[in-house]
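See structure below.
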Number of protein chains: 2
Amino acid sequence: MIRVLVADDHPVVREGLITMLELEDDIEVVARAADGEEAVMMARREHPDITLLDVQMPVLDGIEALRRIRADDPEARVIVLTTYRNEDYIFPSLRAGARGYLLKDSSREELAGAIRAVAAGESLLDPEMVDAARDDAGLTAREFEVLRLMADGHNNAQIATALFVSENTVKTHVSNIFAKLDCRDRAAAVLQAWKRHLI
Amino acid sequence: MIRVLVADDHPVVREGLITMLELEDDIEVVARAADGEEAVMMARREHPDITLLDVQMPVLDGIEALRRIRADDPEARVIVLTTYRNEDYIFPSLRAGARGYLLKDSSREELAGAIRAVAAGESLLDPEMVDAARDDAGLTAREFEVLRLMADGHNNAQIATALFVSENTVKTHVSNIFAKLDCRDRAAAVLQAWKRHLI
DNA sequence: TCCGCCATCACCCGTTGGGGTGATCTTCTT
DNA sequence: AAGAAGATCACCCCAACGGGTGATGGCGGA
């Protein structure tokens, strides 16, 4: 029997997860939590085999809760759940010790499969998330730096100063970014980049 | 007995909603749908008292599904659900005939209460959503139009043409937008607006 | 070894953007 | 009736932007 702790601040999602997991013969939900702090407490008390952790939670967010749970018990196996196709959380989650990373619109099969896989010692990333993380739009590392500075409202001269290059170089990068993102101006490029989670 | 149709593309959320609603003595889930088209079909077949509709769904989004359901049956009572505190959907939803607008992190009590209220003929908006709808950053209706066109990559001349005003007028609006969003260029303004769900 | 990608820079060009100031007209509120 | 707020437009100005073309090293894969 795989003992699972479910932590999610949305009652609907929490109940949905529990309902789906209870349908599995080899999975048992032993505790639930509605915020990060509660999740840390319940993990400490119940020592579940698997903790399902929502990234976005009040009081203490998922990543920080994950860190504390792993600090309490370095053997703890945590699967991070997210609603958003936002890969920003992947690397922080993995660095904090997550063994799985799933989207909330996973099916019951995927969810149960992930729990069994992680309980068995494997690590599991949602394929869609891995794809998302790979959507770099063909931008180079340098172009990403320029893009981020653009998004912060810096003009070409400021970007040049920040990166210790000439303004001409920056303009070249900016033009290349436009071409790759299929935009004609920085406003569209920055928004595009944000929507595609590039920044 | 209030007969309810639940439409949500996320299996977890769908099951969560159904589980929570089945706990209520006076509510019965008579059908479920995983996308907008299915929702329209099920509504046509079952004629539920209340339809719970997720805004973000594949094939046919919630708003469009809502329009078709109401076209089939102008008496249909639909409650729109959303994960995001994005007020953009409020007005389109209401215009399309929604009788309720709730966030997915509503509690069982709020959800059941909303269903009973709408079934009884009232309309119900999530108070938090109403607050969110008020974060307009002090922008006027005209400034919103300009902002949206800016975000689509249009320049001042194009915006002027689209709104049937002079370019000078557009420039004035753009300057006012910058002041209100505390930005110095369109790239930052557009990103800012996106982050704050203004567009 | 050679080709391609990347980062760097230069120069030219016309267009656009953003700031400032001031004015008129309508509408709504007080 | 007075005042505030919004929408409209004009004129000036200079800096910034975006496009095009071309060139030079460096580095890595074929």
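So that the names make sense, note that chain A is the first sequence line, chain B the second, and so on, each numbered from 1.
At its two ends the helix from C:dT1-D:dA30 to C:dT30-D:dA1 runs along axes set 50° apart, each axis drawn from five pairs and the angle rounded to 10°.
Ion pairing of A:E145 with A:R142 is present here, as a side-chain N (NZ or NE/NH1/NH2) and a carboxylate O approach within less than 4.0 Å. Note on B:R32 versus B:E15: salt bridge recorded, some NZ/NE/NH1/NH2 to OD/OE distance being below 4.0 Å. Between A:D185 and B:R186, none of the side-chain N atoms (NZ, or NE/NH1/NH2) sits under 4.0 Å from a carboxylate O, so this pair counts as no salt bridge.
Cluster note: B:V30 groups with no other residue, as no ILVMFWY side-chain heavy atom lies under 4.5 Å from it.
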Using the 3.5 Å cut-off, write out each protein N or O paired with an N or O of nucleotides 4-8 of chain D and the distance between them.
| from | atom 1 | to | atom 2 | distance (Å) |
| --- | --- | --- | --- | --- |
| D:dA7 | OP1 | B:T140 | OG1 | 3.3 |
| D:dA7 | OP1 | B:R142 | N | 3.3 |
| D:dA7 | OP2 | B:T140 | OG1 | 2.7 |
| D:dT8 | OP1 | B:R142 | NE | 3.2 |
| D:dT8 | OP1 | B:R142 | NH2 | 2.8 |
| D:dT8 | OP2 | B:R142 | NE | 3.0 |
| D:dT8 | OP2 | B:H173 | NE2 | 2.9 |

N/O to N/O distances under 3.5 Å, protein versus nucleotides 15-17 of chain D:
| from | atom 1 | to | atom 2 | distance (Å) |
| --- | --- | --- | --- | --- |
| D:dC17 | OP2 | A:N156 | N | 3.2 |
| D:dC17 | OP2 | A:N156 | ND2 | 3.4 |

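Taking 4.5 Å as the limit, some side-chain heavy atom of B:L52 sits within range of a side-chain heavy atom of B:L21. No side-chain heavy atom of A:D54 sits less than 4.5 Å from a side-chain heavy atom of A:V13. Side-chain contact between A:L81 and A:L17 is present, with heavy atoms from C-beta onward closer than 4.5 Å.
Nearest heavy-atom pair across B:L181 and B:A193 is CD1-CB, 4.3 Å.
Every residue meeting the side chain to side chain contact (heavy atoms under 4.5 Å, CB included) condition with B:K171, not counting sequence neighbours, appears here in chain and number order: B:N156.
Heavy-atom contacts of chain A under 4.0 Å fall on DNA chain C between two terminal nucleotides, which in 5' to 3' order are C:dC6 to C:dC11.
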B:R77 vs B:D49, side chain to side chain contact (heavy atoms under 4.5 Å, CB included): CA-CA, chis, key distance, verdict = CA-CA 7 Å; B:R77 288 175 179 159; B:D49 299 310; over 6 Å; no
Apply the test side chain to side chain contact (heavy atoms under 4.5 Å, CB included) to residues B:I2 and B:R116: give CA-CA distance (whole Å), side-chain angles for both, the deciding distance (0.1 Å), then the verdict.
-> CA-CA 8 Å; B:I2 305 175; B:R116 290 190 193 100; 4.0 Å; yes
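With B:V29 as the fixed residue, the side-chain contact (heavy atoms from CB on, under 4.5 Å) test singles out one of B:T19, B:V6, B:L5: B:V6.
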